[in-house]
Amino acid sequence: MLIVGNWKMNGSIAMASDFLGWFTGHWHGSRGVDIGLCPPLVYISQFEQTLRGSTIKVGGQNIATELEGPFTGEVSSRMLKDLGCQMVLIGHSERRVNFRENNDIVAEKYRRAYAADLTPILCVGETSDHRNAGSTLDVISEQIYAVKNLVGEHALCAGVIAYEPVWAIGSGVAASPKQAQEVHLSIRDLLGPRGKHTQIIYGGSLNRDNAKALFTEQDIDGGLVGGASLHAEHFLEIIRQAEFA
Ligand code: 13P
């Protein structure tokens, strides 16, 4: 199981310090659960320094398609690696929608992350319009195949896939365990034979109340947690649910 917190554009130095203080004081290791935290870029060093020596991994929320050069405001895969990051979110729906990242850009970012030895967490998911039109799997297969065609099955299956239905993100309404399991199983089929052991995690209004039922499903290998990861206590409770799943 894998539980990753995505802070998005939230927090402050003081809040990060409170979170890390509480979390490191109360978390005494977790059996069978890997943990990752993706704070805003400017707080990555604070997280990395506090968590160094523990098994908790720190990650970024985005990288540039380029490695260096005249790209004001951008940060590359190598720079995240330099900071001590071990993972990075790729193609989060908020980037696809707000920053117009299409499948080609997402695939290129995945390639960069993989080449820099960062575990790419490829985010895929449909909007409510897609779901209502019955095109959920078409959208997701396009998102997956764009990456597979560029990097190949081996690199794709070495990463993590996060199924995040856009309609569930920040809405307070998570996918039902049955809805999520159905898509996770289809994603596993799309990955190919090597995808048997690829971690496919669920994100979208995941919280301490609904985590257990979702994690019990066969092909749900953990969660990508947004809002609830800002509260150390809630985040830890979600990790505990994963331990018992
Ligand atoms: P919420 O958990 O706030 O719905 O966010 C999910 C998400 O987008 C994580 O990447």
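Counting starts at 1 for both ligands and their atoms, following the listed order.
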What residue and atom, counting heavy atoms only, is the protein's closest point to [atom], and at what distance?
atom	answer
atom 2 (O) of ligand 1	G226 N, 3.0 Å
atom 9 (C) of ligand 1	E164 OE2, 2.8 Å
atom 3 (O) of ligand 1	G227 N, 2.8 Å
atom 5 (O) of ligand 1	K8 NZ, 3.1 Å

When you measure from the heavy atoms of A228 to every atom of ligand 1, does any distance fall below 4.0 Å? no

Give a yes/no on ligand 1: does G203 have at least one heavy atom closer than 4.0 angstrom to it? no

Using atom types as modelled and distance alone, determine if a side-chain donor or acceptor of [X] lies under 3.5 Å from a backbone N or O of [Y].
X	Y	value
E164	H92	no
S128	W167	no
E68	S76	no
K212	A245	no

Return the CZ to CG distance between R78 and L83, rounded to the nearest 0.5 Å. 14.5 Å

Shared ILVMFWY cluster between L230 and L224, side chains joined below 4.5 angstrom? no

Grouping I, L, V, M, F, W and Y whenever their side-chain heavy atoms are under 4.5 Å apart, do I200 and I3 come out in a common cluster? yes

Under 4.0 Å to a heavy atom of [X] - the qualifying atoms of ligand 1, by number:
X	answer
L224	9 (C), 10 (O)
N6	9 (C), 10 (O)
G170	1 (P), 4 (O)

Below 3.5 Å, N or O to N or O, backbone or side chain included: is there any such pair between H92 and ligand 1? yes

Any N or O of G204 closer than 3.5 Å to N or O of ligand 1: no

Hey, is I169 touching ligand 1 through its side chain, its backbone, both or neither, going by heavy atoms under 4.0 Å? both

For the rings on Y43 and W7, is their centre-to-centre separation under 6.0 Å? no

